[in-house]
Amino acid sequence: MENKIKQLLLEQSEQLFGIKIEEKSVQFQLTRKEFEGDVTLVVFPFAKLLKSSPIDAANQIGEFLKQHISEIASYNVVQGFLNISLSSEYWKNKLFAIDTDNSFGRKKADSKGTILVEYSSPNTNKPLHLGHLRNNFLGYSVAEILKANGHKVIKTQIINDRGIHICKSMLAWERFSPVNINGERETPENTSLKGDKLVGKYYVVFDQEFNKEAKELIAKWESNEFDGFSAHVVEQYQKFVEAKIGKEEKAQADLDAKIKELAKNETSLLRDAKEMLVKWEARDPQTYLLWSTMNGWVYDGFKTTYEAMGVNFDRLYYESETYLLGKDLVSEGLSKGVFYKKEDGSVWVDLTADGMDEKLLLRGDGTAVYMTQDLGTALDRKKDYPDLEGVVYTVGNEQDYHFKVLFLVLKKLGYSWADKCFHLSYGMVDLPSGKMKSREGTVVDADELMTEVVQSAKEMTSERGHLEGMSSEQKDVLFKQIGMGGLKYYLLKVDPKKRMMFNPEESIELTGNTGPFIQYAHARINSLLAKAGEINGYDTALLGNEEKELIKVLAQYPAVIHEAGSAYSPALIANYCYELVKAFNHFYQSVPMLIEEDKSVRDLRLVISRNVSKVIVNSLLLLGVESPQKM
RNA sequence: GGCUCCGUGGCGCAAUUGUAUAGCGCAUCAGAUUUCGGCUCUGAGGGUUGGGGGUUAGAAUCCCUCCGGGGUCACCA
């Protein structure tokens, strides 16, 4: 309707006002509740052009529109706002259109190119945690939203299965794992630990041992034992020690940290881990076998976690397979003169002209860094999907700078599609008790959290739910739907780029802006419709204000999907869905349905309810949340 | 320090393509519903949108500046 009015105004503007108006000066908004009307045209821009008062302009436009558009029943003017009321006929037709459209709100898949949505992208040295939950739910949801907007979407992840961090776990396992009576080191089978948890355990062991060794080194240095250290290191150390003299406490602490850093680099453990990485890159068979075995454990563990999360992927990329491509790209950049080589053989790009730093692309020893592999992966993807229209990278906001650099480097290399890449950056998830820190053991494990939330859903639902006649399997499915629904909704309702607070108890509350509150409303409509039986026509029903208000909310759904797609924001869907449910609860409270005597009115209300239910189910699906029939 | 993101009632959030009296939930208080699932609904109190300045007919929203917080500035990923 807005478009129709806009079209008419644009076409007729010269005849009406004597001037041509611009498209952007035609602005609409939904009429506020406290005023009469359905859509509102903001007339300030016209008043300026017409050099008349906003009120005169509004009246003039209102009269003109009413004469030319039959669906406009009336209008009123408040200050510079033209409030337009649409006819009952219009709204009833709207309802009919919504009711008969099974894919209401979704755009058909069209000729748009493929969009890759990357999310999760874990390291294979640690189990997934709360932050990964936000990541996975976000990525999955954005992928679904883009599909609903008619895009071809490939869900993908890059698995960081290579690098010094993996070598750390491998080394620690080789060196510190106890050996059982069969002569085996610890495995998921003989410890019954989830694979990702076991490997994560050894990553922690590495860190502990490594810090221990660094401490010992510092102690040695403090008693002037410098055997076996290079002159450069000794010199650095003495420089830091001298600098400490006479400094304030804070400055001294900073210097101590630098000394620690220096010591860490001199540990045998780190040196061995680095050696291992070089061996791995040289495809040393023994190292490669260990690597693939331990990664296999991790993948088995992740698989279980992803299933519990309810997310999936269409295509996987492994860093171990793409990082070499990155090296090729680096050579290409060198020959194009975009990059340059330093004396030690390391390769850099100079971005100072763009207000950024110089950035390392390849180490002096020829091994790849993070940026190398991301460049390679990007290129690989373009090869796999020649119609690639864009890549959405779901990665935490601590990497904002990295992606800025990545996109810029790609552009400098002459890849025009770099412009279509988008970093879906999201903020950290805090707990009521404060920040998550792996060192302090306050990290919330993803598996544990999901189990906990499903357990709470069970306790709550068993106490108050409608579970008669359900088998225990059905009940388990239901508890999972409610618990996970609450968790997903809670993490998705907040604007992605904002840092957010996660309160586990609040997520499965049945009141307020929560997933279960919405699921409950759906279950109630479902039960209402089951009791109602047959629904016939509603042609003769009078459209009351309550009905109209609810149809208006339903009619917004397609616009919400569109906006959520262009803003990559599931939060818009979540908040809309909540608004819809509140509007429905109000409706439900104020008009009778099953006991309404006028059959036509009864059926009109039931048809509205049926569509509210439909939109709830579909919009929750875009968030990856299921809608149980009973709860 | 440079760059960057954020700052909205006690708490958690919405509105950020400028626009009418800044919405909502939790919590608090007062009510409604003997009938469709009371896990609902209605109402009240509570805000100088971090401070200041600017642009505009109009600013939570745009610009400048200051304050506060996060992130980042690694041959980690």
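A quick note: this is a predicted structure, and the numbers were derived from the prediction, not measured. Throughout, protein chains are lettered first and strands after them, A, B, ... in sequence-line order, and every chain is numbered starting at 1.
- Take A:Arg610 and apply the salt bridge (Lys or Arg N to Asp or Glu O under 4.0 Å) test, not counting sequence neighbours, and it matches A:Asp99.
- For B:U42, one of the phosphate oxygens OP1 or OP2 lies less than 4.0 angstrom from a side-chain nitrogen or oxygen of A:His586.
- By the side-chain contact (heavy atoms from CB on, under 4.5 Å) test, A:Ser527 is found to be paired with no residue, residues two or more places apart in sequence or in another chain being considered.
- A:Asp196 pairs by the salt bridge (Lys or Arg N to Asp or Glu O under 4.0 Å) definition with A:Lys194, not counting sequence neighbours.
- Judged as a salt bridge (Lys or Arg N to Asp or Glu O under 4.0 Å), and not counting sequence neighbours, the contacts of A:Arg605 are A:Glu547, A:Glu596.
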Nucleotide by nucleotide, nucleotides 26-32 of chain B touches protein heavy atoms under 4.0 Å in the pattern (B base, S sugar-phosphate only, - none) S-----B
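- Residue pairs satisfying the salt bridge (Lys or Arg N to Asp or Glu O under 4.0 Å) criterion with at least one member in residues 156-170 of chain A, sequence neighbours excluded, are listed as follows: A:Arg162-A:Glu281, A:Arg162-A:Glu319.
- Rounded to whole Å, the C1' atom of B:C29 lies 15 Å from the corresponding atom of B:G10.
- With sequence neighbours left out, A:His165 forms a side-chain contact (heavy atoms from CB on, under 4.5 Å) with A:Asn123, A:Asn125, A:Asn160, A:Tyr203.
- Comparing B:A14, B:C75, B:G37 by their nearest atom to the side chain of A:Asp344 picks out B:C75.
- Within the structure, the side chain to side chain donor-acceptor pair (under 3.5 Å) test picks out the following pairs touching residues 33-47 of chain A (sequence neighbours left out): A:Thr31-A:Thr40, A:Asp38-A:Trp91, A:Asp38-A:Lys548, A:Asp38-A:Lys552, A:Thr40-A:Asn83.
- Remark: A:Asp495 engages A:Lys497 in a salt bridge, criterion side-chain N to carboxylate O under 4.0 Å.
- Pairs of residues two or more places apart, or lying in two chains, that qualify as side chain to side chain donor-acceptor pair (under 3.5 Å) and include a residue from residues 354-364 of chain A are A:Tyr340-A:Glu358, A:Asp354-A:Lys412, A:Asp357-A:Tyr401, A:Arg363-A:Thr367.
- Counting only Watson-Crick and G-U wobble pairs whose two distances sit under 3.5 Å, RNA chain B takes part in these stems of three or more pairs: B:1-7 with B:67-73, B:10-13 with B:23-26, B:28-32 with B:40-44, B:50-54 with B:62-66.
- Under the rule for a salt bridge (Lys or Arg N to Asp or Glu O under 4.0 Å), the partners of A:Asp272 that lie at least two apart in sequence or sit in another chain are A:Arg175.
- If you check residues 559-569 of chain A against RNA chain B, you find no residue with a heavy atom closer than 4.0 Å.
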